[in-house]
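What follows is a set of notes on a single structure, which appears directly below.
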There are 2 protein chains.
Amino acid sequence: MITFNTFKPTEGTPIYQQILLYVKRGAVAGTIRDGDELPSRRVLSALLGINPNTVQKAFRLLEDEELITSQTGAKSYMTLSAAKIERLREDLLREDIRGIAGALRQMGIDKEEALRLLSENWEESES
Amino acid sequence: MITFNTFKPTEGTPIYQQILLYVKRGAVAGTIRDGDELPSRRVLSALLGINPNTVQKAFRLLEDEELITSQTGAKSYMTLSAAKIERLREDLLREDIRGIAGALRQMGIDKEEALRLLSENWEESES
DNA sequence: CAAACTGTACTAGTCGTATAATACAGTCAA
DNA sequence: TTGACTGTATTATACGACTAGTACAGTTTG
């Protein structure tokens, strides 16, 4: 069962997108695996303190990407494969890395300082 | 005059927030300096193809942070100081770095691989 | 079977972002 | 002074994200 116990939604980004990211990153990290059971829409929404429709939207999008399967009445499960995980890993990494590199460069930070900053702040980042 | 010629709004984030970031990062980079003249609300909105109210909202927030001054009828100017720039630099860097570090760690990337990825993708990031 | 769960669907409302069209007052240069 | 520009303010509209409540159909388990 995927617990979502480390999931903490933040402001500024739609919650359903944060749920998508959480699951995808978990899949890449290996903490979320093929066949894993997802909490029900109602249970998860109560757990996170958000609306069931928001969870439903996130899960529907996960299903659109064929990362989970759902059928009415039964629970939902992860449907991962090595190929899917590899695709996720590449997509997420590229997006994250390029975003930060662009931001730092726009602030006049050079490559060496960027590497130093990332190294120094690595431990202090949120999980 | 601040030209905004490298400003390209993207989807997913409110435009007025992107304008804020653009100006702040420019100030940190030194490409935007104290006393620099800002384009008028009407001119900039026409230039960017967005609504004047959106620009006004961004400029009002910049004024709230005392990074620009505005008075009706006259043009608006940057009001920066070494202390303000230093504060901006720390705020922006911390936010950016911690964001990327947290995302990478959540995907199971260790420190060494993160540094390698940033190093390899540095040149390919958008300006 | 029956109860309790599951996913799914629908309507209605709030809030923030963004657009659109005006209007008014102050500044500045010809 | 006059006119063209500035910043500022207002109202209305549209859309997406999110909340709230309800309903229905299918599955699972006792």
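Numbered from 1 within each chain, the chains take letters A, B, ... in sequence-line order.
- To the nearest 0.5 angstrom, B:Asp96 atom CG is 6.5 Å from B:Leu92 atom CG.
- Between B:Arg25 and B:Thr31, the side chains place no donor N or O within less than 3.5 Å of an acceptor N or O (distance only, hydrogens not considered).
- Remark: side-chain polar atoms of B:Glu66 are not paired, donor with acceptor, to backbone N or O of B:Thr79 under 3.5 angstrom.
- Checked by atom type, the side-chain pair A:Arg60/A:Ser70 shows no donor-acceptor distance below 3.5 Å.
- In this structure, B:Lys75 places its NZ atom where only 12 or fewer heavy-atom neighbours from other residues, nucleotides or ligands lie under 6.0 Å away.
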request  = Could you give me the CA-CA distance, side-chain angles and deciding distance for B:Ile2 and B:Val23, then say whether side chain to side chain contact (heavy atoms under 4.5 Å, CB included) is met?
outcome  = CA-CA 9 Å; B:Ile2 303 171; B:Val23 172; 5.5 Å; no
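- With a 6.0 Å radius and a threshold of 12 heavy atoms from other residues, nucleotides or ligands, B:Glu63 has its CD atom above the threshold.
- Between the side chain of B:Asp36 and the backbone N or O of B:Ile32, no donor-acceptor pair lies under 3.5 Å.
- Note: CG (B:Leu44) to P (D:dG7) measures 10 Å, nearest angstrom.
- In this structure, the CZ atom of A:Arg41 is 17 Å from the P atom of D:dC18, given to the nearest Å.
- Taking 4.0 Å as the cutoff to heavy atoms of chain B, we find the contact window on DNA chain C bounded by C:dT17 to C:dT27.
- For residues 12-23 of chain B, proximity to DNA chain C is found at B:Pro14, B:Ile15, B:Tyr16, defined as any non-hydrogen atom under 4.0 angstrom from a strand atom.
- Between D:dT19 and A:Thr54, a contact under 4.0 Å exists linking OP1 or OP2 to a side-chain N or O.
- Counting non-hydrogen atoms under 4.0 angstrom, B:Glu11 reaches nothing in the nucleic acid.
- Summarising the geometry, atom CG belonging to A:Leu61 is positioned 10.5 Å from atom CG belonging to A:Leu67; distances are rounded to the nearest 0.5 Å.
- Annotation: the span from A:Leu118 atom CG to B:Leu118 atom CG amounts to 6.0 Å, rounded to 0.5 Å.
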message = Treating primed atoms plus P, OP1 and OP2 as sugar-phosphate and everything else as base, which nucleotides of nucleotides 20-30 of chain D get B, S or - for protein heavy atoms under 4.0 Å?
response = BB-B--BS---
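- Between the side chain of A:Lys24 and the backbone N or O of A:Leu88 there is no donor-acceptor pair closer than 3.5 Å.
- The distance from atom NZ of A:Lys57 to atom P of D:dG16 is 9 Å, rounded to the nearest whole Å.
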